[in-house]
Protein chains: 2
Amino acid sequence: MSTTPSNALGGAVIIQQRNLVEQVADYLTQAIIGQRFAPGERLSEMQLARDLGVSRAPVREAARLLESRGLLVSQPRRGFFVRALDTGELSDVFDLRLCLERHALARLVTVFDAEKELALRRQVDIMCNAATGDSDSRKIEEDLSFHRMLIAYAGNRRLLKAFDDISHELRLCIALIGKTHADPDSIATSHWALLDALASGDPARCREAIDYHIGVARDYVVKGIGEA
Amino acid sequence: MSTTPSNALGGAVIIQQRNLVEQVADYLTQAIIGQRFAPGERLSEMQLARDLGVSRAPVREAARLLESRGLLVSQPRRGFFVRALDTGELSDVFDLRLCLERHALARLVTVFDAEKELALRRQVDIMCNAATGDSDSRKIEEDLSFHRMLIAYAGNRRLLKAFDDISHELRLCIALIGKTHADPDSIATSHWALLDALASGDPARCREAIDYHIGVARDYVVKGIGEA
DNA sequence: CGATTGACGACTGTCGACAGCTTGAAACCT
DNA sequence: AGGTTTCAAGCTGTCGACAGTCGTCAATCG
């Protein structure tokens, strides 16, 4: 975790002086959703700081950040622990996601236009292409990107922030079951159905579509957890 | 900012060794929603640390906490600034609140029973009593308590956390207009209507009631901001 | 032999310090 | 005067250090 500026002379490189906190946060995030820490495992600030070659201050700040994102939990005087999700909490996360996306679609359907439709269709195309061959994490990211676009187009930035908050937990949920969705094709189809519902302009149809879409995802994840 | 244990001998007091971070966070929260900092004002870590007689570490952590709660925003290498809300952001907050409470009521109406109804009616009684004479902040807290109970009874802890997150922003919104609701009686009446809708068991009626209730609050706050 | 106590090690909470960046203003040039 | 450069002050990001607390394990007592 050494700071490597690594900027060649000629190029007007966008110097991203990423502070240590962000780098540590990224490292921890990847380690957690990559299952390199066991759920419930205690993380020692000292050890992490030693391993990463930084002091404890940025480690603490990064850990607090991940705590606010729901990836870690802290106990006073005892430190940080990797979030362990039981079936109930997992179901709650998907229920909240349903809440947010229902609302976003109800708003979006009133301002839906060709430009938004095109952008969303492009994203689904990307997902279909990624369905075969790409890594699971890539598929997950493209899927989340689609839903993030959906909410962003609804026009409520605070709603988008709420989604970003739970998206980290969603990644954790998905990572916990070790695999993405059952059938890459069916999930792609489901996204087309969402777009068709939006294009129809019928709020009830949108709601049906998103209920089905998220219901399938939730059932799959909850079932996966039950097995694991 | 001294730690005052203050436990008498007899009582088996639960000793809460509040750490400095929490105390600083409380101080900053009160100062912000109490309008003792101007919106957009820059807060210096050093100065705060000096004023409060602590080092910069707990101040930083508290500031990061308030940032995650939407009361502060940070810029790299520049520090923390008091969140300034424009009309659009303010409307977004209330729209998200509507989203969460709609969902909570839809869930709650399916598990509503006499015990929950009694507890909620008691809370409305408290609010009615507080309507005359008590301080504005007290009224706000009792009002928020009612809505928090509503969501807690819905049974989704993640939903409750989302509400707690925006509740801090709600306090900021309300503080920004400098006064609570127009008519203490009308707001109390509106809460009774919510309870009646829940008791009726009719989801559509619940949705109407919460839409009206939050719509009134939002219109009032948005109008208040426009004047200020 | 089981329960309690005490000491030890490890870790968190907090602190003060230093380097580098940001900012505002003085000094300078045109 | 208007704009630019230089400079100093203040601040943030990061670090290492210390004190108090928590968990563990062995020694002690019933």
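We use all heavy atoms of the structure for the numbers below, so side chains are in, but hydrogens, waters and symmetry mates are not. Just so we're on the same page: letters track the sequence lines, and every chain starts at 1.
- When rounded to the nearest whole Å, the span between CZ of B/R42 and C1' of C/dT22 equals 8 Å.
- Ion pairing between a basic and an acidic side chain is recognised when a charged N comes within 4.0 Å of a carboxylate O; B/D113 and B/K116 show such pairing.
- Taking atom CG of B/L48 as the reference point, atom P of D/dT12 lies 9 Å away to the nearest angstrom.
- When rounded to the nearest whole Å, the span between CZ of B/F80 and P of C/dT22 equals 16 Å.
- A donor-acceptor contact shorter than 3.5 Å is absent between the side chain of A/S91 and the backbone of A/T87.
- Backbone-only contact: B/L43 has heavy atoms under 4.0 Å from sugar-phosphate atoms and none from a base.
- The interatomic distance linking B/F81 (CZ) with D/dC11 (P) rounds to 12 Å, in whole Å.
- If you take CZ of A/R56 and C1' of C/dG16, they are 15 Å apart, rounded to a whole angstrom.
- Counting to the nearest Å, the P atom of C/dC11 and the CG atom of B/N19 are 20 Å from each other.
- Spacing between atom CD of B/E45 and atom C1' of C/dA17 amounts to 15 Å, rounded to whole angstrom units.
- More than 12 heavy atoms of other residues, nucleotides or ligands shown are found within 6.0 angstrom of CD on A/Q75.
- Distances were taken from every side-chain heavy atom of B/S55 (C-beta onward) to each of D/dC11, C/dT12, C/dT14; the shortest belongs to C/dT14.
- Note on A/R78: a side-chain N or O is less than 4.0 Å away from OP1 or OP2 of D/dG23.
- The side chain of A/R77 lies closest to D/dT21, out of D/dC15, C/dC11, D/dT21.
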Collect all protein-nucleotide pairs involving nucleotides 6-8 of chain D in which both atoms are nitrogen or oxygen and the distance is under 3.5 Å.
none

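- Tested against A/C99, the residues B/R158, B/R102, B/H103 include a single side chain to side chain contact (heavy atoms under 4.5 Å, CB included) partner, B/H103.
- Looking at every heavy atom in both residues, B/L85 comes nearest to B/C173 through CD1-SG, 3.8 Å.
- Ring pair A/H213/A/H147 is tilted by interplanar angle, where 30° to 60° counts as tilted.
- Side chain of A/Q123 to backbone of A/E142: a donor-acceptor contact under 3.5 angstrom is found.
- The CZ-P distance, from B/R60 to C/dC15, rounds to 15 Å in whole Å.
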